[in-house]
Amino acid sequence: MATYTPPVTPVEALERVVHCLDRSNDTGFRAKAFVRALDVIRGLPAEEVAARGVAGTLADLDGIGATTATVVEQALAGGEVRYLTELEARTRVPISQEGATYRAALRGDLHLHSRWSDGGATVEAMARTAIDLGHEYMVLTDHSPRLTVAHGLSPDRLARQVDEVAELNERLAPFRILTGIEVDILEDGSLDHADEVLAGLDLVVASVHSKLRMPEEQMTDRMLRAVASPHVDVLGHCTGRLIDRRPPSTFDADA
């Protein structure tokens, strides 16, 4: 007898929920709950997940609540995952006809944070989403160690991430994940990763995350020192602007 495969697997449904919450900038308790549930379900054999779905015992698992259990149960049933349907509609980003023209021309994204630092998705989930969008590549630019609030990557963790990227590139070819980092520009304009670390990456973004109200001349000199590094390719969020939310005259962290 053939095994029935639901249109959306529990893992795919939870990944998509996390994606929708991320695109709506929801990083609170709800988002963390779905990320935790995704970890739990991904770590279990599919047979156990299915059996618990039938028995109604998914919520007995540590990390699975009533809402996340319902999402898994509906995915197992093969029908509509109602929470996901509502979330897709509510968080969809509108795009004009002119914007769609540029969107269709995009072949990749040069600045992405994964769960290695403060992103909401795994590298593989992000890559598969990029493939679904028709992209040919993506550049992984998680935060560097100075930004501890974002769980920035030390040299050792960055090296492990590079190994993961190499493995994923073998499986997802011809799609390609390029290695990178968003380094912190320190007060004196130096960077918080050594040259030998940055030299091994495909792309380096340099950004200011501290001492944000430094006088204009000093801040300009600080940024110029940073981009003088032969390893820096992009100057990140140098105006602090959030489109439709904050003008460029008020600089703040993680703009």
Side-chain angles (χ1 to χ4, degrees), residues 1-93 109 112-133 135 138 140 142-143 149-153 157 160-161 163-165 167-172 175 177:
M1 179 181 296
T3 302
Y4 174 68
T5 302
V8 181
T9 69
V11 168
E12 289 169 343
L14 292 170
E15 284 182 340
R16 190 62 191 175
V17 169
V18 170
H19 171 82
C20 289
L21 292 173
D22 187 56
R23 76 182 178 188
S24 65
N25 295 314
D26 186 340
T27 58
F29 173 79
R30 177 172 49 179
K32 291 180 173 62
F34 272 99
V35 168
R36 172 60 178 151
L38 175 57
D39 283 341
V40 172
I41 297 301
R42 186 186 280 123
L44 292 175
E47 297 78 8
E48 180 179 346
V49 174
R52 284 185 174 275
V54 172
T57 60
L58 285 165
D60 293 343
L61 295 168
D62 184 27
I64 303 293
T67 301
T68 52
T70 299
V71 167
V72 173
E73 289 167 358
Q74 290 178 353
L76 288 167
E80 178 188 15
V81 180
R82 290 187 293 275
Y83 183 86
L84 178 56
T85 299
E86 183 274 332
L87 196 61
E88 288 274 13
R90 179 166 56 83
T91 64
R92 184 172 291 113
V93 179
D109 196 320
L112 296 168
H113 295 325
S114 74
R115 290 184 59 192
W116 279 85
S117 63
D118 61 344
T122 64
V123 180
E124 181 171 2
M126 294 166 67
R128 294 193 182 281
T129 297
I131 291 170
D132 290 342
L133 290 171
H135 289 183
M138 59 179 259
L140 200 55
D142 276 304
H143 283 293
V149 68
H151 197 42
L153 274 65
R157 292 184 63 230
R160 295 203 303 274
Q161 185 186 75
D163 289 341
E164 178 182 323
V165 167
E167 188 272 330
L168 286 171
N169 277 333
E170 289 187 6
R171 289 198 282 115
L172 300 177
F175 183 82
I177 306 168

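For CZ of R42, the number of neighbouring non-hydrogen atoms (other residues, nucleotides, ligands) closer than 6.0 Å is greater than 12.
L153 and S117 make their closest contact through CD1-CB, 4.0 Å (heavy atoms, listed as atom of the first residue, atom of the second, distance). A pairwise comparison of heavy atoms in V49 and L76 identifies O-CD1, 3.6 Å as the closest pair. The shortest non-hydrogen separation linking A75 to A13 is CB-CB, 4.1 Å. Between D142 and Q161 the shortest heavy-atom distance is OD2-NE2, 2.7 Å. Looking at every heavy atom in both residues, A31 comes nearest to L21 through CA-CD1, 3.7 Å. Closest approach of P10 to V72, counting heavy atoms only: CB-CG1, 3.8 Å.
Taken from CD in E124 to OG1 in T129, the straight-line distance is 10.5 Å, to the nearest 0.5 Å. Interatomic distance, OG of S114 versus CG of L140, reported as 4.5 Å (0.5 Å rounding). Atom CE of residue M138 and atom CD1 of residue I177 lie 5.0 Å apart, to the nearest 0.5 angstrom. Between the CG atom in D118 and the NE2 atom in H143 there is a gap of 4.0 Å [rounded to 0.5 Å]. Atom CD1 of I64 sits about 7.0 Å away from atom CG of L14, to the nearest 0.5 Å. Atom CG in L44 sits 11.0 Å away from atom CG in D39 (nearest 0.5 Å).
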Check step by step if side chain to side chain contact (heavy atoms under 4.5 Å, CB included) holds for M126 and H19. CA-CA 9 Å; M126 294 166 67; H19 171 82; over 6 Å; no
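No salt bridge links D26 with R90; every basic N to acidic carboxylate O contact stays at or beyond 4.0 Å. Using a cutoff of 4.0 Å between basic side-chain nitrogens and carboxylate oxygens, R128 and E15 are not scored as salt-bridged. At a threshold of 4.0 Å, the pair R82-E86 does not count as salt-bridged, since none of the basic side-chain nitrogens sits closer than that to a carboxylate oxygen.
Here R160 pairs with nothing under the salt bridge (charged side-chain N to carboxylate O under 4.0 Å, His left out) rule; sequence neighbours left out.
Residues L87 and V17 meet the side-chain proximity criterion, which asks for heavy atoms closer than 4.5 Å.
The stretch residues 57-74 participates, sequence neighbours left out, in these side-chain hydrogen bond (donor to acceptor under 3.5 Å, both in side chains) pairs: R52-T57.
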